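Computed from a predicted model, the values in this text were never measured in an experiment. By convention in this document, chain letters (A, B, ...) are assigned in the order of the sequence lines, proteins followed by strands, and residues within each chain are numbered from 1. Only this structure's heavy atoms are used, side chains among them; waters, hydrogens and symmetry mates stay out.
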Protein chains: 2
Amino acid sequence: MVRAGLDAESVVRAGAELADEIGFEQVTPSELARTLGVRTASLYSHVRNAHDLRTRIALLALEELADEASAAIAGRAGRDALGAFADAYRDYALRHPGRFAAARYRLDPETAAASAGPRHSRLTRAILRGYDLDEPRETHAVRLLGGFFTGYVELEGAGGFSHSSPGSQESWTEILDALDSLLRNWPAPS
Amino acid sequence: MVRAGLDAESVVRAGAELADEIGFEQVTPSELARTLGVRTASLYSHVRNAHDLRTRIALLALEELADEASAAIAGRAGRDALGAFADAYRDYALRHPGRFAAARYRLDPETAAASAGPRHSRLTRAILRGYDLDEPRETHAVRLLGGFFTGYVELEGAGGFSHSSPGSQESWTEILDALDSLLRNWPAPS
DNA sequence: ACGTTTGCCTAATAGTTTTAGGCAACTTAG
DNA sequence: CTAAGTTGCCTAAAACTATTAGGCAAACGT
């Protein structure tokens with residue numbers, strides 16, 4: 001019998017691949033086993049259960065996303081860094097819709113804390129160093145950016161901006177300009 | 001045999017209720033049947049299949065959300081309307097996490113077009129009337145707000161802002177002030 | 001009261017998730 | 001180069017889930 005030669009990592013990687021093709025929700029042990037050409041039960045040596053499989057795909061996606069964002073902002077600052085970071089995020093989502101959905105899979109608190117999630121906040125903070133915001137404003141700004149990137153890309157992926165003009169790319173650029181301007185002129189607290 | 005007296009509407013309503021309790025992803029025909037005290041097969045007279053059940057819950061949630069947002073902005077304008085709208089959104093999500101997740105369920109284009117989704121855009125546009133933005137800026141602003149509300153609430157729900165100060169409520173208010181200021185001073189196109 | 005509608009049931013089929021135990025394909029050490 | 005150990009995959013089996021078909025009786029309109 002010829003072995004497929006799988007291990008935990010290759011299984012999760014194949015799961016991520018599959019997610020991009022058929023959607024994260026549709027990634028199940030049985031479906032994944034089918035595409036790998038093995039019996040469903042065989043996956044259980046590499047992954048604890050369906051939830052564990054999804055969790056590992058989520059962790060992989062968070063890591064990849066942080067890596068790409070990190071590379072994108074290296075050597076940049078201000079509006080330049082903001083644009084590069086935002087584009088890294090959006091490009092990843094468009095290129096890997098299933099992985100991006102995975103990145104929003106609900107993790108239990110301990111897993112989330114040990115994930116690349118916190119790295120995302122740190123990267124966002126790094127960008128904000130180019131704008132001098134004091135605390136707590138910097139934290140507000142991190143949350144504004146994180147929320148906006150997440151939500152915009154989700155709505156775009158759901159087709160919310162198709163069939164209407166202007167195109168999504170134009171809105172994206174203009175909104176980044178607007179946010180850049182806001183970060184440079186954050187209003188005084190009321 | 002005592003009947004439960006269900007019909008399509010009550011089944012969907014119970015499904016929404018269940019979603020808030022155990023999470024939208026976990027709402028399945030069998031789980032719903034269990035809570036309703038009927039056999040799984042019985043639900044199939046009211047709902048075509050599992051996907052149809054979820055779609056109907058999504059449509060209900062979109063409708064409810066639009067109703068609440070609409071009521072919230074009645075008689076308000078400017079920062080006042082913006083805050084009321086945003087709070088309606090966020091309050092709904094905190095009060096009904098399962099329904100809110102349902103509202104982001106991927107609908108096929110025709111269903112989406114016939115849903116309350118477009119009403120959400122119209123409501124957002126109504127708010128923006130208080131700020132005079134010309135096209136295409138108004139569209140950009142709709143997308144900025146829609147994206148931000150969606151994403152912020154999602155991250156908050158996932159626990160992204162717990163265990164760190166300042167509290168989420170403070171960020172929320174400050175960010176709304178900041179967005180209000182941005183809408184009044186949207187930068188000229190580059 | 002009568003027929004119609006409809007809400008729910010049982011029965012059956014096909015597929016998914018997960019556990020247990022086994023064997024053969026590789027790997028490593030003597 | 002063989003013996004021992006590890007590991008990757010398999011079959012078998014139990015417990016669910018999704019879905020279809022057909023039937024009966026409760027409720028409803030006349």
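Counting only heavy atoms from C-beta on, A/S42 has its side chain closest to D/dC10 among D/dC10, C/dT16, C/dC9. Nearest nucleotide to the side chain of A/A41, out of C/dT19, C/dC8, C/dT10: C/dT19. Looking at the side chain of A/Y44, the nearest of the listed nucleotides D/dC9, C/dT18, C/dC9 is C/dT18. In the set D/dC9, C/dC8, C/dT17, C/dT17 carries the atom at the smallest distance from any side-chain atom of A/T40.
Remark: A/S171 pairs with B/H140, B/R143 by the side chain to side chain donor-acceptor pair (under 3.5 Å) rule, at least two apart or across chains.
What separates NE2 of A/H46 from C1' of C/dT18 is a distance of 15 Å, to the nearest Å. Whole-Å rounding puts the A/L6 CG to C/dA25 C1' distance at 14 Å. At whole-Å resolution of the value, CZ in A/R39 and P in C/dC23 are 18 Å apart. Protein atom CG of A/L32 is 13 Å distant from nucleotide atom P of C/dT18, rounded to whole Å. B/E9 has its CD atom 13 Å from the P atom of C/dG7, to the nearest Å. Rounded to an integer number of Å, the gap from CG of A/L43 to P of D/dT7 is 18 Å.
Between B/E138 and B/R129 no salt bridge is recorded (no basic side-chain N to carboxylate O distance below 4.0 Å). With salt bridges taken as basic N to acidic carboxylate O contacts below 4.0 Å, none links B/R56 and B/E9. The existence of a salt bridge linking B/R137 and B/D134 is confirmed by a sub-4.0 Å separation between a basic side-chain nitrogen and an acidic carboxylate oxygen. At a threshold of 4.0 Å, the pair B/R119-B/D67 counts as salt-bridged, since one of the basic side-chain nitrogens sits closer than that to a carboxylate oxygen.
Taking every heavy atom of residues 48-59 of chain B and every atom of DNA chain D, pairs under 4.0 Å involve B/N49, B/A50, by number. Against DNA chain C, the stretch residues 10-31 of chain A makes heavy-atom approaches under 4.0 Å through A/T28, A/P29, A/S30.
Note: A/Y89 OH to A/H120 NE2 = 5.5 Å, rounded to the nearest 0.5 Å. For the atom pair B/D20 CG and B/R99 CZ, the distance stands at 5.0 Å (nearest 0.5 Å).
Under a hydrophobic-cluster definition in which Ile, Leu, Val, Met, Phe, Trp and Tyr are linked whenever side-chain heavy atoms come within less than 4.5 Å, directly or via other members, A/I175 and A/L94 are assigned to different clusters.
Checking the phosphate oxygens (OP1, OP2) of C/dT16, a side-chain nitrogen or oxygen of A/R34 falls inside 4.0 Å.
For the residue pair A/T35/A/E31, the side-chain donor-acceptor check at 3.5 Å is not satisfied.
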